[in-house]
There are 2 protein chains.
Amino acid sequence: MEDIKNNSWCHELDEIDRQIVIFLEKNARMPFTKIAEKLGVSERTVRIRVAQMQEDGILSLVGVVNPIKVGLNVQTFVHLSVQPNRIEEVVSQLKEMEEVRWIALTTGEYPLMLDVLTRDYDDLSDFVMNKLNKIEGVDRTNVVNVLKKMKSRFNFMR
Amino acid sequence: MEDIKNNSWCHELDEIDRQIVIFLEKNARMPFTKIAEKLGVSERTVRIRVAQMQEDGILSLVGVVNPIKVGLNVQTFVHLSVQPNRIEEVVSQLKEMEEVRWIALTTGEYPLMLDVLTRDYDDLSDFVMNKLNKIEGVDRTNVVNVLKKMKSRFNFMR
DNA sequence: TCTGAAAATGTATTAAT
DNA sequence: ATTAATACATTTTCAGA
């Protein structure tokens with residue numbers, strides 16, 4: 001079981017990598033010199049390791065906008081049942097819709113799941129009525145509204 | 001309808017803000033000087049605006065780890081039905097579990113929805129059997145596995 | 001580790017509302 | 001009076017050997 005560490009799809013991060021990530025998870029613009037100082041390594045070490053992790057697709061340093069602050073107040077999950085031979089076609093249409101932020105193929109009664117963001121319930125109902133329900137091949141839909149987020153933690157290092 | 005622009009919960013970004021965000025969504029460490037140059041404004045303008053947007057909770061500049069690259073290969077959504085008077089209590093237990101990345105109160109048959117990340121199906125089954133099903137007050141669960149992500153777009157500016 | 005170049009920050013100043 | 005922009009001086013950070 002331990003050989004998992006040497007697989008290329010699972011990059012095992014050493015302690016220095018992990019510490020670097022912890023700082024950058026909080027502040028993507030933290031100066032490398034400051035991180036280096038805190039960890040007792042050279043600035044170069046930090047710079048090289050960050051570049052390597054970005055290169056390997058392990059770490060991204062990005063700006064993220066808070067959707068609520070720009071007026072996208074309503075988050076909804078839509079479970080979709082589709083005629084099996086038309087899934088590809090339906091997905092390609094869904095991909096083009098800007099309200100649809102995330103699409104996945106899933107197990108269960110409804111093979112597609114969408115994460116949908118809209119300004120308000122008017123826009124949501126407009127989306128469901130005029131976009132979703134107009135797609136050919138959609139069988140049944142199950143719409144679940146997010147009322148309140150109770151936890152959201154997407155930083156991975158401790 | 002246009003007065004929506006002057007509400008404090010909905011910070012309307014002007015064109016310069018939007019352009020800044022577009023650059024930072026791609027690269028949180030892009031030098032302010034470079035952004036300023038591209039937009040034809042001073043570096044200080046960019047710096048102040050970024051600070052202001054961060055202050056207002058509109059924009060965060062963060063490092064994000066690709067879960068798959070660190071061995072978290074299985075994403076699962078769990079819909080939970082809970083005895084109504086025990087929701088708070090159940091949520092507070094779920095919050096402590098590191099597999100549970102995200103919790104929301106939702107409409108529909110199952111009032112709680114969880115986003116769960118695990119290394120593999122063994123860990124998932126362990127989580128369901130030994131953690132989830134041990135919580136007092138949980139009524140029914142509906143477990144939906146993510147088989148394949150078809151779209152993921154969480155940058156908001158165009 | 002060092003070093004020149006680049007970038008970020010602080011202060012003072014001005015303009016606009 | 002407050003906010004936002006600029007210019008410039010100083011400090012910090014970056015990226016190469």
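In this text, all values refer to a predicted model and were calculated from it rather than measured experimentally. Lettering follows sequence order; numbering is per chain, from 1. For the numbers below, each heavy atom of this structure counts, side chains included, while hydrogens, waters and symmetry mates do not.
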Side chain to side chain donor-acceptor pair (under 3.5 Å) filter on B:N145, not counting sequence neighbours, yields B:T76
Between B:S42 and D:dA7, does any side-chain N or O lie under 4.0 Å from OP1 or OP2? no
Which angle, to the nearest 10 degrees, lies between the helix axes at the two ends of the helix from C:dT1-D:dA17 to C:dT17-D:dA1, each defined by five pairs? 30°
Nucleotide by nucleotide, nucleotides 2-17 of chain C touches protein heavy atoms under 4.0 Å in the pattern (B base, S sugar-phosphate only, - none) -----SSBBBB-----
Sorted by number, the residues of residues 48-59 of chain A with heavy-atom contact under 4.0 Å to DNA chain D: none
Sorted by chain and residue number, the salt bridge (charged side-chain N to carboxylate O under 4.0 Å, His left out) partners of B:R44 (sequence neighbours excluded) come out as none
Residues two or more places apart in sequence or in another chain: which of them pass salt bridge (charged side-chain N to carboxylate O under 4.0 Å, His left out) with B:R153? none
Residue pairs involving residues 127-137 of chain A (criterion side-chain hydrogen bond (donor to acceptor under 3.5 Å, both in side chains); sequence neighbours excluded): A:E99-A:K131, A:D126-A:N130
Determine all donor-acceptor pairs shorter than 3.5 Å in which one atom belongs to a side chain in residues 88-98 of chain A; sequence neighbours excluded.
| residue | atom | partner | partner atom | Å |
| --- | --- | --- | --- | --- |
| A:E89 | OE2 | A:R86 | NH2 | 3.3 |
| A:S92 | OG | A:E89 | O | 3.0 |

Set of residues satisfying salt bridge (charged side-chain N to carboxylate O under 4.0 Å, His left out) with respect to A:R101, sequence neighbours excluded: none
Using side-chain contact (heavy atoms from CB on, under 4.5 Å) as the criterion, list what pairs up with A:Q52, not counting sequence neighbours. A:E55, A:D56
Is B:I58 close to A:N66 at the side-chain level, that is, under 4.5 Å between some pair of heavy atoms? no
Expected list for residues 28-37 of chain A: side-chain donor-acceptor pairs under 3.5 angstrom, two or more places apart:
| residue | atom | partner | partner atom | Å |
| --- | --- | --- | --- | --- |
| A:R29 | NH1 | B:A28 | O | 2.7 |
| A:R29 | NH1 | B:M30 | O | 2.9 |
| A:R29 | NH2 | B:M30 | O | 3.2 |

For A:E37 and D:dT11, what is the distance between atoms CD and C1' respectively, to the nearest whole Å? 14 Å
For A:D17, all residues meeting salt bridge (charged side-chain N to carboxylate O under 4.0 Å, His left out), sequence neighbours excluded: A:R49
